[in-house]
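Here is how names work: the chains are called A, B, and so on, in the same order as the sequence lines, proteins then strands, and each is numbered from 1.
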2 protein chains.
Amino acid sequence: MNAERPADALIDLAQEFRNALRQSVFVLRRLDAHAELSSAQLSVLKMALDGGARVGEIARDLGVKVPSATEQIIRLERAGLLRREADPDDSRAVRVLATAEGRAAVDLADRRRNEHIAAILATLDQNERDAISAALPVFHKINSSVRA
Amino acid sequence: MNAERPADALIDLAQEFRNALRQSVFVLRRLDAHAELSSAQLSVLKMALDGGARVGEIARDLGVKVPSATEQIIRLERAGLLRREADPDDSRAVRVLATAEGRAAVDLADRRRNEHIAAILATLDQNERDAISAALPVFHKINSSVRA
DNA sequence: CCTAACTATTAGGCTTCCTAAGTATGAACG
DNA sequence: CGTTCATACTTAGGAAGCCTAATAGTTAGG
């Protein structure tokens, strides 16, 4: 019985990785399920915190097209969690800024989500947590390369 | 300066883990973007391969409610990739079975996706791939606990 | 100036998810 | 048997999120 060729090992890892991706979506859906802010909305608000962000920047961060970001922003604006202002440097652009309510909503939602995940992580043993911890930067790297 | 309390370390890990989840969605969206079958549709078809599956089982696997699964199934049926039959053991139930075209579509889509991911994994060094590899079973465990 | 590039919004459409309500079958019990 | 309750699925209606194409306004470069 021959050793597996390197290429096959990569494909196998890819297969397992895809499963993990699928599961991530699942977990995230559960996390979003009964939250007042979706994961994406939380991301928008976070960008709107310090000095705000432009619509295009938010779209890029979310990984969606500009009109989709506009939609989310309008929704959050109607909810009173952020406001839109003309950018002083470039009148074509719009700066998106969190309101005090928005800031409070981020704090609350962030805390709740972290506690929820932490409770799950607490059921793991230390080796398992270390494995996750070691993999996270690699996830980040993969994501960056996909975004590029 | 005190060492961090264990609970804080967990919260920090949770925060990073959430980021990774968010990134996973991003990667998966890219993967789905120009594919003829979405990730979810591919999952449905895979369950329909050997002996088929019932609608409720498919819904559970996808992590959605039954009507949402029905919708996907109908779409795939219209595309000729699967068919529905009455379950011989229980006439209330419906068995979902892949057609030959469905089987071929799974093979093709699976191969394409694996190759796509493998190409990304190929840009990592061995330590990074090992880190991913070690984390995958833990992902699986987390997912199972969330599903339960 | 005038044209080309950029930023954001609007309009229209598709997919996917949900809840609620309806149909049909199965199972339990008197 | 027949009533009743539970189970399996479908249908209907609606919300959220994403997209492309078209539009309006602003900036920047010949």
*What is the minimum heavy-atom distance between A:Val146 and B:Arg30, and which atoms define it?*
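Shortest heavy-atom contact: O-NH1, 2.8 Å.
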_Shortest non-hydrogen contact between A:Leu49 and A:Arg103, atoms and distance_ =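 Heavy-atom minimum between the residues: O-NH2, 3.1 Å.
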Rounded to whole Å, how long is the line connecting atom [atom1] of [X] with atom [atom2] of [N]?
{"X": "B:Asp87", "N": "D:dT10", "atom1": "CG", "atom2": "C1'", "answer": "17 Å"}
{"X": "B:Phe26", "N": "D:dG17", "atom1": "CZ", "atom2": "P", "answer": "17 Å"}
{"X": "B:Arg75", "N": "D:dT11", "atom1": "CZ", "atom2": "P", "answer": "14 Å"}

*Test side chain to side chain donor-acceptor pair (under 3.5 Å) applied to B:Glu128 - qualifying residues, sequence neighbours left out*: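 By the side chain to side chain donor-acceptor pair (under 3.5 Å) rule, B:Glu128 matches A:Lys141.
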*Determine, using the 4.5 Å side-chain heavy-atom cutoff (strictly less than), whether A:Val138 and B:Leu28 are members of one ILVMFWY cluster.*
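Hydrophobic grouping puts A:Val138 with B:Leu28.
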*With the 4.5 Å side-chain cut-off for hydrophobic clustering, are A:Leu45 and B:Val25 part of the same group?*
no
*Taking DNA chain C as the partner, which of residues 31-49 of chain B come within under 4.0 angstrom of it by heavy atom?*
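Under 4.0 Å from DNA chain C: B:Ser38.
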*Looking just at side-chain N and O atoms, do A:Asp130 and A:Gln126 make a donor-acceptor pair shorter than 3.5 Å?*
yes
*For the pair A:Phe139 and B:Phe139, name the ring-plane relationship: parallel under 30°, tilted 30 to 60°, perpendicular over 60°.*
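Judged by the thresholds at 30° and 60°, the geometry between A:Phe139 and B:Phe139 is parallel.
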*How does protein contact run along nucleotides 2-9 of chain D, one letter per nucleotide 5' to 3', with B for base contact, S for sugar-phosphate only, - for none, heavy atoms under 4.0 Å?*
-----BSS
*What is the 5' to 3' range of DNA chain C, first to last nucleotide, that sits under 4.0 Å from any heavy atom of chain A?*
C:dC6 to C:dC17
*Would you work out how much the helix from C:dC1-D:dG30 to C:dG30-D:dC1 bends between its ends, with each end axis defined by five base pairs, to 10 degrees?*
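Comparing the first five pairs with the last five, the axes sit 10° apart.
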*Touch check for A:Ser68, heavy atoms < 4.0 angstrom, all strands: base, sugar-phosphate only, or nothing?*
base
*Checking all strands, does B:Glu71 fall into the base, sugar-phosphate, or nothing category for heavy-atom contacts under 4.0 angstrom?*
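Base, at least one base atom sits under 4.0 Å.
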For residues 52-65 of chain A, which side-chain donor-acceptor pairs fall under 3.5 Å, sequence neighbours excluded?
unit_1	atom_1	unit_2	atom_2	d
A:Glu57	OE1	A:Arg54	N	3.0
A:Asp61	OD1	B:Arg22	NH2	3.4
A:Asp61	OD2	B:Arg22	NH2	3.3

